[in-house]
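The structure appears below as structure tokens.
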Amino acid sequence: MRRSGIDRLPRAPQGAFDVAPGRLGFGCASLGSRIGAADGLRALGAAYDQGVNWFDVAPAYGAGDAESLLGRFIKGRRDHLLLTTKVGIAPPRRLGAIKLVFALGRPVIGVASGLRRAFRQVSATRNVHAPLSPDLIEQSIGASLRRLGTDRVDIYALHDPDPADVGRDDVARALERVIARGQARQVGIAGTADACRIARKLGAPYGVLQMGVADMAAARAEFSGGAQPIVLHSMFGVDGLKRRVERLLAQDRARIQRLVAAGYADEPGRAAAELLADYAFALNPQGVVLASMFDARHLAVNLDRASRPTTMQAIALLEDMIGRG
Ligand SMILES: NC(=O)c1ccc[n+]([C@@H]2O[C@H](COP(=O)([O-])OP(=O)(O)OC[C@H]3O[C@@H](n4cnc5c(N)ncnc54)[C@H](OP(=O)(O)O)[C@@H]3O)[C@@H](O)[C@H]2O)c1
């Protein structure tokens, strides 16, 4: 399926990928839960039309529905995009009840971030780690491919693994078999800096490392410039970093003036988003930065920032404000 929009998104080096990844990728954690099918598919299409070709999903995402919905989206587009799915986290236990809550509460949950946070804190709604084993690795990729409606993913990643599991031989061999069968082009880690550190040291079979922006910020000297491409997620901060930056800017006019002088927006919410996006791209100048962007305004801001030359000044501007790492 041809793209219908303007593709001005810069690419990361192609390396071992089948197509060169766009610098901005789409994270599908909310597809099928907070975000319903129609809105989700519309947002994926809008991003794809503007050059986004990296889609990140997992069996647990969207209360277990994200892979199937993404599968509907990639039909006819498969050869033009890159897919990551993962193994090691199962959907929440009370899936039926959770789906019902999302279906009924979507209009409210979509706008009420406090409610979203409260919902995540209920233990039965939390995703659960499944003990990693060769059987799980082999069975989970088969199930993911069926849901995605494709014969391969580009990256099959251990989902937030215990660092000790990353070094296990039986895990590495099972991942190699997944590659040998053609079910994944590459395997990787999507987890903490500690887990990525071990994969970094081991090299093969781990070809791609994914971690949160905060982890990368704390360990950037270590992870810059290696052979494995880096993917960053959670640029607005699972711990509410965007809200914190926005508050700091709203409290102190001198801060926002400094940002305006550096070319950022005059409004604290917009300036915080622009600065945090620039920060993520600056921390990972050769790689991909993922964002959830089901809101069209979020997609527009993130595409705009990704399309600008990477600016290292974002690192100093943000860290002067919040402290380092
Ligand atoms: N271990 C792992 O594998 C792991 C862990 C965490 C995340 N991830 C992946 O990374 C993806 C992104 O991570 P995330 O959801 O934690 O963080 P995120 O992309 O920083 O998104 C957090 C929130 O920020 C909003 N947002 C996006 N762009 C914005 C902008 N320009 N201005 C203001 N708000 C904006 C999003 O809203 P909307 O979506 O409503 O537009 C979302 O509600 C996930 O979907 C998942 O695919 C992987």
Side-chain angles (χ1 to χ4, degrees), residues 24-36 39-40 42-44 46-47 52 54-62 66-67 69-70 82-89 106 109-117 119-120 126-127 129 155-163 166 188-196 199 208-216 230-246 264-265 267-281 284 288-306:
L24 176 67
F26 204 123
C28 297
S30 301
L31 178 63
S33 49
R34 174 173 63 91
I35 305 295
D39 287 346
R42 202 173 310 120
L44 294 172
V52 173
W54 184 293
F55 296 88
D56 178 88
V57 73
Y61 286 176
E67 285 186 327
L69 288 171
L70 189 59
L82 297 163
L83 285 180
T84 296
T85 197
K86 314 187 189 106
V87 55
I89 299 188
R106 217 163 256 141
I109 287 171
V111 290
S113 59
L115 193 57
R116 247 190 276 168
R117 275 198 302 282
F119 189 73
R120 281 195 208 116
R126 282 201 216 118
N127 296 327
H129 274 88
I155 296 115
Y156 188 45
L158 301 184
H159 198 174
D160 204 12
D162 182 329
V166 179
I189 302 295
T192 60
D194 282 345
C196 289
V208 181
L209 307 179
Q210 181 177 320
M211 69 187 98
V213 166
D215 270 9
M216 180 68 176
I230 304 275
V231 180
L232 297 183
H233 57 239
S234 303
M235 69 168 138
F236 298 110
V238 273
D239 54 351
L241 182 60
K242 177 170 174 293
R243 277 194 308 280
R244 187 172 152 214
V245 172
E246 193 175 333
Y264 291 94
E267 188 273 312
R270 169 85 189 215
E274 290 177 350
L275 180 60
L276 285 167
D278 284 4
Y279 183 66
F281 288 113
N284 192 22
V288 175
V289 173
L290 293 178
S292 174
M293 32 199 181
F294 289 102
D295 182 322
R297 290 164 304 183
H298 295 163
L299 171 66
V301 172
N302 299 344
L303 276 171
D304 175 51
R305 300 325 287 185

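In each ligand, atom 1 is the first atom listed, and ligand 1 is the first ligand listed. Values below: every heavy atom of this structure, side chains too, minus hydrogens, waters and symmetry copies. Residue numbers start at 1 and run along the sequence shown.
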Do any heavy atoms of Ser30 fall under 4.0 Å from ligand 1?
no
Quick one: does Tyr61 get within less than 4.0 Å of ligand 1, heavy atoms only?
yes
Under 4.0 Å from a heavy atom of Gly27: give me the atoms of ligand 1 that qualify, with their elements.
11 (C), 44 (C), 45 (O), 47 (O)
Using a 4.0 Å heavy-atom threshold (strictly under), name the region of Arg297 that reaches ligand 1: side chain, backbone, both or neither.
neither
For Ile35 and ligand 1, does the shortest N/O to N/O distance drop below 3.5 Å?
no
Are Tyr279 and Phe236, when compared by the centres of their aromatic rings, separated by less than 6.0 Å?
no
Polar contact flag for Ala190 and ligand 1 (N/O pairs, less than 3.5 Å):
yes
Examine the proximity of ligand 1 to Val301 and report which part, side chain or backbone, both or neither, has a heavy atom under 4.0 Å away.
side chain
Give the atom numbers and elements of ligand 1 that come within less than 4.0 Å of a heavy atom of Ala29.
44 (C), 45 (O), 46 (C), 47 (O)
Would you kindly specify which portion of Ala291 sits under 4.0 Å from ligand 1, judged on non-hydrogen atoms: side chain, backbone, both or neither?
both
Counting from 1, what ligand 1 atoms have a heavy atom of Phe236 closer than 4.0 Å?
20 (O), 24 (O), 26 (N), 27 (C), 28 (N), 29 (C), 30 (C), 31 (N), 35 (C)
Ranking Met211, Arg305, His298 by closest non-hydrogen atom to atom 38 (P) of ligand 1, top hit is His298
Less than 3.5 Å between some nitrogen or oxygen of Asp160 and one of ligand 1, yes or no?
no
Say whether, by atom type as modelled, one donor and one acceptor occur between the side chain of Asp39 and the main chain of Ile35 under 3.5 angstrom.
no
Within a distance under 4.0 Å of any heavy atom of His159, pick out the atoms of ligand 1 and give their elements.
1 (N), 2 (C), 3 (O)
Name the option, out of Arg34, Met293, Met235, that contains the heavy atom nearest to atom 40 (O) of ligand 1.
Arg34
Can you list the steps and then say if Gln210 with Thr84 is a side-chain hydrogen bond (donor to acceptor under 3.5 Å, both in side chains)?
CA-CA 10 Å; Gln210 181 177 320; Thr84 296; 4.9 Å; no
